[in-house]
Amino acid sequence: MTDPQQQFQEALHVLDAAFATPAVPFFSVGGCTHCYSAADLEALAGPVHQVPEDLLYSIAHKNPDHWDDFPGLYRRLTPRIVRLLTADRLDHALVASRLLAADWRSWPLPERTALEGVWHAWWRAALHSHPAIGHISDILGTLAVTTGTPAPWLAVWAETRIEASDLHLSDALEHWLFQGELADLRLGFYDELHATPALLPWLLSLQDGRIGAAQLIEVERIAYSSTT
């Protein structure tokens with residue numbers, strides 16, 4: 001059995017392989033010439049591994065209406081975008097929203113399966129290591145928004161009864177409570193996913209001792225307030 005970090009690295013390699021064969025043999029890129037030069041568009045149409053990182057960073061965040069074929073371009077660059085994302089070098093909420101705009105769930109099955117494999121391996125790796133690369137609430141947000149639900153990720157979190165996982169839980173609660181978000185937590189750059197209806201019952205269902213006393217009092221207060 002490999003450890004979660006090894007499984008995560010293997011999942012990234014599988015993702016690379018799934019996208020290695022281009023959907024079309026020749027890919028042309030049309031886009032906003034006010035924001036991108038002819039050299040930029042040429043680079044984006046060339047080999048993905050040769051796209052400059054600063055250009056990749058821009059594409060990962062830029063509004064879809066900058067491109068003639070945003071879904072095709074984002075899909076093509078996904079393995080490299082995901083590597084930057086999981087290294088905490090991109091805005092998690094924005095990339096999650098961009099993947100929805102690229103309609104990633106309509107992509108060919110091998111690509112979807114590989115991306116889902118990265119999501120699962122990334123989540124397990126993060127829960128097994130504290131601190132992780134990136135805040136656990138950002139990672140959860142990415143996974144929940146792109147898949148449309150926090151439920152499977154919360155289920156894995158509940159099953160992962162180790163110190164690192166519980167430290168992440170404390171960190172997440174500290175963030176949500178300090179920001180005043182827990183009562184109406186919405187995930188995604190455009191608030192696409194309302195997480196509170198799933199999150200509050202899940203928090204209250206956790207085994208005794210996994211949430212500190214002070215945080216649990218706040219969770220119970222918010223849960224009570226939401227029902228009255």
Side-chain angles (χ1 to χ4, degrees), residues 4-5 8 57 60-63 81-101 118-228:
Q5 290 297 334
F8 172 50
Y57 181 92
H61 294 120
K62 210 69 167 178
N63 196 292
I81 290 173
V82 167
R83 283 184 177 271
L84 288 176
L85 176 68
T86 58
D88 198 33
R89 296 175 61 189
L90 299 176
D91 184 297
H92 290 71
L94 191 50
V95 171
S97 295
R98 295 291 180 256
L99 282 166
L100 291 184
V118 170
W119 285 172
H120 285 279
W122 182 25
W123 187 233
R124 287 192 295 270
L127 291 177
H128 278 79
S129 178
H130 186 277
I133 298 175
H135 198 282
I136 201 69
S137 62
D138 289 333
I139 300 173
L140 175 63
T142 301
L143 305 180
V145 170
T146 55
T147 59
T149 175
W153 316 108
L154 295 177
V156 172
W157 204 345
E159 295 165 1
T160 309
R161 299 178 182 178
I162 58 174
E163 182 182 12
S165 175
D166 287 353
L167 288 171
H168 281 306
L169 181 58
S170 178
D171 290 346
L173 279 168
E174 180 180 0
H175 173 77
W176 293 327
L177 292 170
F178 180 77
Q179 298 293 331
E181 296 175 338
L182 188 57
D184 188 28
L185 181 62
R186 296 177 185 272
L187 304 175
F189 190 75
Y190 303 106
D191 294 338
E192 293 95 333
L193 182 67
H194 191 198
T196 296
L199 185 58
L200 272 180
W202 176 79
L203 288 167
L204 294 174
S205 73
L206 291 173
Q207 186 179 33
D208 290 348
R210 295 197 67 182
I211 300 176
Q215 289 182 333
L216 182 59
I217 288 172
E218 284 301 300
V219 172
E220 290 174 337
R221 180 187 63 78
I222 292 168
Y224 175 78
S225 298
S226 68
T227 61
T228 58

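It should be emphasised that the depicted structure is a prediction, and the values quoted were computed from it without experimental measurement. The first residue in the sequence is number 1, and the count goes up from there.
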State the [atom1]-[atom2] distance between [X] and [Y], to the nearest 0.5 angstrom.
X      : Y      : atom1 : atom2 : result
Leu193 : Leu143 : CG    : CG    : 11.5 Å
Asp91  : His61  : CG    : NE2   : 5.0 Å
Leu140 : His135 : CG    : NE2   : 11.0 Å
Leu185 : Asp191 : CG    : CG    : 9.0 Å
Arg89  : Ile133 : CZ    : CD1   : 11.0 Å
Leu182 : Gln215 : CG    : CD    : 10.0 Å

Flag the pair [X] / [Y] as yes when at least one side-chain heavy-atom distance between them is below 4.5 Å, and no otherwise.
X      : Y      : answer
Trp153 : His120 : yes
Ile136 : Leu127 : yes
Leu154 : Leu203 : no
Trp119 : Val82  : yes
His194 : Asp184 : yes

[X] versus [Y], closest heavy-atom pair with distance:
X      : Y      : value
Ser165 : Arg210 : OG-NH2, 3.4 Å
Leu216 : Ile211 : N-CG2, 3.6 Å
Ala126 : Ala132 : O-CB, 3.9 Å
Val95  : Leu85  : CG1-CD2, 4.0 Å
Pro150 : Ala198 : CG-CB, 3.7 Å
Val118 : Phe8   : CG1-CE1, 4.1 Å

Looking at Ala60, is its backbone amide N or carbonyl O close enough to the side chain of Arg98 to form a donor-acceptor pair, meaning the two atoms are under 3.5 Å apart? no
**Message:** Keeping His168 on the side-chain end and Ser137 on the backbone end, is there a donor-acceptor pair under 3.5 Å?
**Reply:** no
Ignoring hydrogens and geometry beyond distance, is a side-chain donor-acceptor pair present between Thr142 and Trp122 at under 3.5 Å? no
Sorted by chain and residue number, the salt bridge (charged side-chain N to carboxylate O under 4.0 Å, His left out) partners of Glu218 (sequence neighbours excluded) come out as Arg221
Taking distance alone, no hydrogens or angles, what donor-acceptor pairs closer than 3.5 Å link side-chain atoms of residues 170-179 to residues at least two apart or in another chain?
{"unit_1": "Asp171", "atom_1": "OD2", "unit_2": "His130", "atom_2": "NE2", "d": "2.7"}

Assess whether atom CG of Leu204 is packed by more than 12 heavy atoms of other residues, nucleotides or ligands within 6.0 Å.
yes
